[in-house]
Amino acid sequence: MPEGHTIHRLASRHRNLFGGTTVRVSSPQGRFAAGAAVLDGLRFVGAVAHGKHLLHRYEGDRTVHIHLGLYGKVTDGDGAPPEPFGEIRLRMSNDAHWLDLRGPTACELLDPPGVDTLMARLGPDPLKRGADAVAAYAKIARSTRPIVSLLMDQSIVAGIGLIFATEALYRAGVNPTTPGRDFPAQEWLPLWTDLRALMAAAVIAGRIDTVREEHTPEAMGREPRVDRHGGEVYVYRRTGQPCLVCGTDVRQDALSGRNLYWCPTCQK
DNA sequence: CAGATATGACAAC
DNA sequence: TTGTCCTATCTGG
């Protein structure tokens with residue numbers, strides 16, 4: 001379930017589990033064996049997130065760059081690590097904790113210039129203090145691409161995925177296919193602020209909830225939503241179900257390989 | 001048990 | 001725009 005909030009949660013968890021300790025590092029699957037051999041026995045300095053990218057920092061300016069992609073998952077636990085099963089790209093452990101990484105798009109060792117190159121291609125992360133919202137809008141304002149694609153473009157804003165983009169646009173009453181250059185400048189800061197609030201709440205909750213107080217299951221007298229994602233949302237994966245506000249059937253379409261969900265009434 | 005599916009990103013047309 | 005990659009889990013038969 002990797003949008004930016006997940007990565008920020010992982011970064012702080014990994015700081016807590018391993019920060020300042022010497023760690024064993026391996027790659028049971030073998031695909032990160034060379035990197036693991038370099039890191040094994042080094043001190044884990046800390047972990048930071050930027051957007052959907054997770055950086056594990058080790059002594060000696062070694063950095064592991066992790067990107068979960070669509071399927072990547074991290075699990076951890078206390079005590080000695082369990083017998084490996086499945087495809088474990090990266091395993092870490094210290095005296096008290098262990099961690100397994102499976103299915104990431106990226107798990108690579110970077111030197112400082114490599115980290116700089118990575119950061120240079122990422123836009124501002126709404127979850128970080130000082131993130132430059134105005135710079136992000138400058139790119140949006142001169143693009144003809146749909147606003148939903150621009151929000152998910154990591155070089156424009158880092159950390160937003162399909163759920164946050166879909167739901168924030170619903171809350172803003174903006175049709176997801178609106179070309180960037182037609183998105184009004186005065187609506188950008190409210191949208192950015194809303195995104196930041198949704199993402200920050202998701203970091204704390206560990207799930208994405210976007211439904212306002214007045215439309216919650218309790219307020220509406222309806223059953224709580226239950227699905228794989230687990231959060232209360234307005235339109236994401238609610239195809240064919242009635243819009244929580246106006247009752248119109250939620251629509252779904254494909255847009256450049258991703259799913260698009262919107263209410264045709266609330267999002268003119 | 002095969003097939004579909006998933007909150008992502010990139011290369012190649 | 002399409003194809004490819006990464007892996008686990010859910011679905012239907």
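It should be emphasised that the depicted structure is a prediction, and the values quoted were computed from it without experimental measurement. Because only heavy atoms are used, hydrogens play no part in the values below, and waters and symmetry mates are left out as well, while side chains stay in. Residue numbering restarts at 1 for every chain, and letters A, B, ... go by the order of the sequence lines.
- Tracing side-chain contacts under 4.5 Å through hydrophobic residues (I, L, V, M, F, W, Y), one never reaches Leu110(A) starting from Leu42(A); they form parts of separate clusters.
- For dC5(C), neither phosphate oxygen OP1 nor OP2 lies less than 4.0 angstrom from any side-chain nitrogen or oxygen of Tyr71(A).
- Judged as a side chain to side chain donor-acceptor pair (under 3.5 Å), and not counting sequence neighbours, the contacts of Thr177(A) are Asn175(A).
- Among pairs with a residue in residues 57-92 of chain A, those fulfilling ring pair (Phe, Tyr, Trp, His ring centres under 6.0 Å) read Phe44(A)-Tyr58(A), His53(A)-His65(A), His53(A)-His67(A), at least two apart in sequence or across chains.
- Here the separation of dA8(C) from dC10(B), taken at their P atoms, is 23 Å to the nearest Å.
- Dashed line: the shortest gap from a side-chain N or O of Arg237(A) to OP1 or OP2 of dA6(B) is under 4.0 Å.
- Taking atom CG on Leu255(A) and atom C1' on dT1(C), their separation rounds to 11 Å, with Å as the unit.
- Remark: the separation of the P atoms in dC6(C) and dA12(B) is 16 Å, to the nearest Å.
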Please set out all donor-acceptor pairs under 3.5 angstrom arising from side-chain atoms of residues 114-127 of chain A, sequence neighbours excluded.
| residue | atom | partner | partner atom | Å |
| --- | --- | --- | --- | --- |
| Thr117(A) | OG1 | Pro113(A) | O | 3.0 |
| Asp125(A) | OD1 | Leu127(A) | N | 2.8 |
| Asp125(A) | OD2 | His8(A) | NE2 | 2.7 |
| Asp125(A) | OD2 | Gly51(A) | N | 2.7 |

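- Across the protein-nucleic acid pair, Leu70(A) atom CG and dC5(C) atom C1' stand 11 Å apart, rounded to whole Å.
- Phe164(A) has its CZ atom 14 Å from the P atom of dT7(B), to the nearest Å.
- Going from atom CD1 of Ile88(A) over to atom C1' of dA8(C) covers 13 Å, rounded to whole Å.
- When the side-chain contact (heavy atoms from CB on, under 4.5 Å) test is applied to Ala172(A), the partners found at least two apart in sequence or on another chain are Val174(A), Leu191(A).
- For dA8(C), the OP1/OP2 oxygens have a side-chain nitrogen or oxygen of Arg102(A) closer than 4.0 Å.
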So which protein nitrogen or oxygen atoms get under 3.5 Å of nucleotides 9-11 of chain B's nitrogens or oxygens?
| residue | atom | partner | partner atom | Å |
| --- | --- | --- | --- | --- |
| dA9(B) | OP1 | His67(A) | NE2 | 3.1 |
| dA9(B) | OP2 | Lys52(A) | NZ | 3.2 |
| dC10(B) | OP1 | Arg121(A) | NH1 | 3.1 |

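- When the P atom of dT7(B) is taken as reference, atom CG of Leu198(A) falls 18 Å away, rounded to whole Å.
- Only the C1' atoms considered, dT7(B) is 22 Å distant from dT1(C), to the nearest whole Å.
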Please output the side-chain donor-acceptor pairs of residues 20-29 of chain A that fall under 3.5 Å, not counting sequence neighbours, one pair per line with the distance.
| residue | atom | partner | partner atom | Å |
| --- | --- | --- | --- | --- |
| Thr21(A) | OG1 | Phe18(A) | O | 2.8 |
| Thr21(A) | OG1 | Asn94(A) | ND2 | 3.1 |
| Arg24(A) | NE | Asp40(A) | OD1 | 2.9 |
| Arg24(A) | NH2 | Asp40(A) | OD2 | 3.0 |
| Ser27(A) | OG | Gly30(A) | N | 3.2 |
| Ser27(A) | OG | Arg31(A) | N | 3.4 |
| Ser27(A) | OG | Phe32(A) | N | 2.9 |
| Ser27(A) | OG | Arg89(A) | O | 2.6 |
| Gln29(A) | OE1 | Arg89(A) | NE | 2.8 |
| Gln29(A) | NE2 | Glu87(A) | OE1 | 3.1 |

